[in-house]
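The structure appears below as structure tokens.
Residue numbers run from 1 in the order of the sequence given. Note that ligands are numbered from 1 as they come in the structure, with each ligand's atoms numbered from 1 the same way. Heavy-atom basis, side chains included; hydrogens, waters and symmetry copies ignored.
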Amino acid sequence: MVVVDNVAGGPAIGGVRMAPDVSTEEAFRLARAMTLKNAAAGLPHGGGKSVIYGDPTMPLDEKEGLIRGFAAAIRNLNDYIPGPDMGTDELCMGWIADETGRAVGLPREIGGIPLDEMGATGFGLVAAIDVAAGRIGLDLPGARVAIQGFGAVGRHAARFLQEKGSILVAASDSRGTIAAPQGLDVADLVAHKSAGRPLTAYPVGRALDKDAIVDVACDIWIPAARPDVITAANADRLETRIVAQGANIPCTAEAEEALAARGVLVLPDFIANAGGVICAAVEYRHGTQAQAFAAIDERIRMNTRVVLEEAARTNTTPRNAAVSLAKARVHRAGQTRRWR
Ligand code: NAD
């Protein structure tokens, strides 16, 4: 299923998600989030999203058949440019480009900037965290970090934060949580996970169930897995100063209100996790990896600063400020269109 939410800014860019539990509602909400994200990032693209029902770990030849079938179905949907998301990767985008001539997040060999390999979204997330930490007087060296989801976003965010001196005190994946107050070695943990072993089998720290990541005391809590993991029912369990949304829509609106009321700074998904799509837009225009990193750093820092200043000035949440900013940009883009 494909949702093209808005094309005022240009053809919609949005990921292709494959999971056994995706839903129509999820696709609509994620597509809207992409419209806001692309507009907020100042990209000449609208927002869209695709979901495919299926186990992403199915045999590769089956997956290729499914993805090529999906690509054939969207061949003439020229207003939609697919990109990778949970359950799909560069190879999948290569198959789609082969069928349609349109996709971003391609393998390097056919002109792609490998955004998940270089950690584009994690890099941008850490740029946003750096700006936010400065505003609340949190020093990144020594700051404690807990990350839910240790995939393309989570593991690179951990790496870039460790480079700034922060300490990874817990990480989780779909099988459980590993927690070590003294800190986990990120490179070693990534190597462990890349070898196909669950985080809970890591020899350092304490293995806990996957939901326990919510209770880990930290300074920066990063959701980098699934939507709606923080709700009104569990928001009060978070003991942190910043929630930096690596995942899309990881907190419900009620949860964000509750966190704001407790003074927790929540960096909205479509501002903080725009690194991947900024990278994709650079790739689409045949830019280089260095240009992509520079664009991510500049845009995410600037947007985070503007959003946090506007939220403080108007006494609202960063999300409300960010939505107003993005909607104003979509509206101005729409005014250039004959069909408005
Ligand atoms: P991924 O598939 O590489 O990693 C997801 C990780 O989450 C895996 O480690 C998985 O084991 C873990 N996970 C799944 N369910 C979990 C659960 N219930 N509890 C804890 N961990 C769980 O995916 P990704 O590319 O890192 O994307 C993660 C999130 O970030 C998604 O919401 C995605 O839409 C969003 N996002 C990704 C990018 C990107 O560039 N990859 C960009 C923007 C937003």
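- Contact between Lys193 and Phe150 at its shortest, heavy atoms only, is CE-O, 4.0 Å.
- For Asn315, the CG atom is loosely surrounded, since the number of other residues' heavy atoms within 6.0 Å does not exceed 12.
- Among Ile222, Thr177, Asn273, the residue whose heavy atom lies nearest to atom 43 (C) of ligand 1 is Asn273.
- The number of heavy-atom neighbours closer than 6.0 Å to CZ of Arg159, taken from other residues, nucleotides and ligands shown, is above 12.
- Counting heavy atoms under 4.0 Å from ligand 1, residue Arg175 does not touch it at all.
- The hydrophobic cluster of Leu115 has no other members, since no ILVMFWY side-chain heavy atom comes under 4.5 Å of it.
- Which parts of ligand 1 touch Gln148 is read off a 4.0 Å heavy-atom cut-off, strictly below it: atoms 20 (C).
- In summary, the atoms of ligand 1 found under 4.0 Å from a heavy atom of Phe150, numbered by their order in the structure, are 6 (C), 9 (O).
- With a 4.0 Å heavy-atom cut-off, ligand 1 is reached by the side chain of Asp116 but not by its N, CA, C or O.
- Ligand-side atoms of ligand 1 in range of Ser172: 20 (C), range being under 4.0 angstrom from any heavy atom.
- Judged by the shortest distance from any of its heavy atoms, Gln245 lies outside the 4.0 Å radius around the atoms of ligand 1.
- Ligand-side atoms of ligand 1 in range of Arg226: 15 (N), range being under 4.0 angstrom from any heavy atom.
- Minimum heavy-atom separation, Arg144 to Cys218: O-CB, 3.5 Å.
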Would Asp5 and Met34 satisfy side-chain contact (heavy atoms from CB on, under 4.5 Å), going step by step from the backbone distance to the final call?
CA-CA 8 Å; Asp5 178 71; Met34 287 308 297; over 6 Å; no
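- Test Ile52, Asp89, Asp85, Thr57 against Met18 for side-chain contact (heavy atoms from CB on, under 4.5 Å) and you get one pass: Ile52.
- The main-chain N or O of Val16 is found under 3.5 Å from a side-chain atom of Thr88 such that the two form a donor-acceptor pair.
- Nearest protein heavy-atom contact of atom 4 (O) of ligand 1 is Gly151 CA, 3.2 Å.
- Counting atoms of ligand 1 from 1 in the listed order, those under 4.0 Å from a heavy atom of Asp85 are 33 (C), 34 (O).
- The only member of Thr35, Asn38, Leu36 that meets side-chain contact (heavy atoms from CB on, under 4.5 Å) when paired with Phe270 is Leu36.
- Annotation: Arg135, atom CZ; neighbour count of heavy atoms from other residues, nucleotides and ligands within 6.0 Å is above 12.
- Below 3.5 Å of separation, one finds no N or O of Gly87 facing any N or O of ligand 1.
- Contact annotation: for Val153 versus ligand 1, heavy atoms closer than 4.0 Å belong to both the backbone and the side chain.
- In terms of protein heavy-atom proximity, atom 31 (C) of ligand 1 is nearest to Ala225 O, 3.3 Å.
- Within the 4.0 Å heavy-atom criterion, neither part of Met18 lies near ligand 1.
- Residue-ligand proximity, Gly149 to ligand 1, at heavy-atom distances under 4.0 Å covers atoms 6 (C), 7 (O), 12 (C), 21 (N).
- Under the 3.5 Å distance criterion, with hydrogens and angles disregarded, no donor-acceptor pair is assigned to the side chains of Arg285 and Gln291.
- Atom 11 (O) of ligand 1 has as its closest protein heavy atom Ser174 N, 3.1 Å.
- Checked for salt-bridge contact, Arg68 and Asp98 meet the test: a charged N lies under 4.0 Å from a carboxylate O.
- Heavy-atom proximity to Lys37, at under 4.0 Å, picks out these atoms of ligand 1: 43 (C).
- Among Thr177, Leu199, Ile178, the single residue meeting the side-chain contact (heavy atoms from CB on, under 4.5 Å) criterion with Leu208 is Thr177.
- Among all protein heavy atoms, the one lying closest to atom 2 (O) of ligand 1 is Met86 CG, 4.0 Å.
- In the vicinity of Arg17, heavy-atom distances shorter than 4.0 Å reach the ligand 1 atoms 31 (C), 32 (O), 33 (C), 34 (O).
- Remark: among candidates Asp209, Thr121, Val277, Asp173, the nearest residue to atom 42 (C) of ligand 1 is Thr121, based on non-hydrogen atoms.
- With a heavy-atom cut-off of 4.0 Å, Ala224 touches ligand 1 through its backbone alone.
- Residue contacts with ligand 1 for Leu30 are absent, since no atom lies close enough (heavy atoms, distance under 4.0 Å).
- With a 4.0 Å heavy-atom cut-off, ligand 1 is reached by the side chain of Leu115 but not by its N, CA, C or O.
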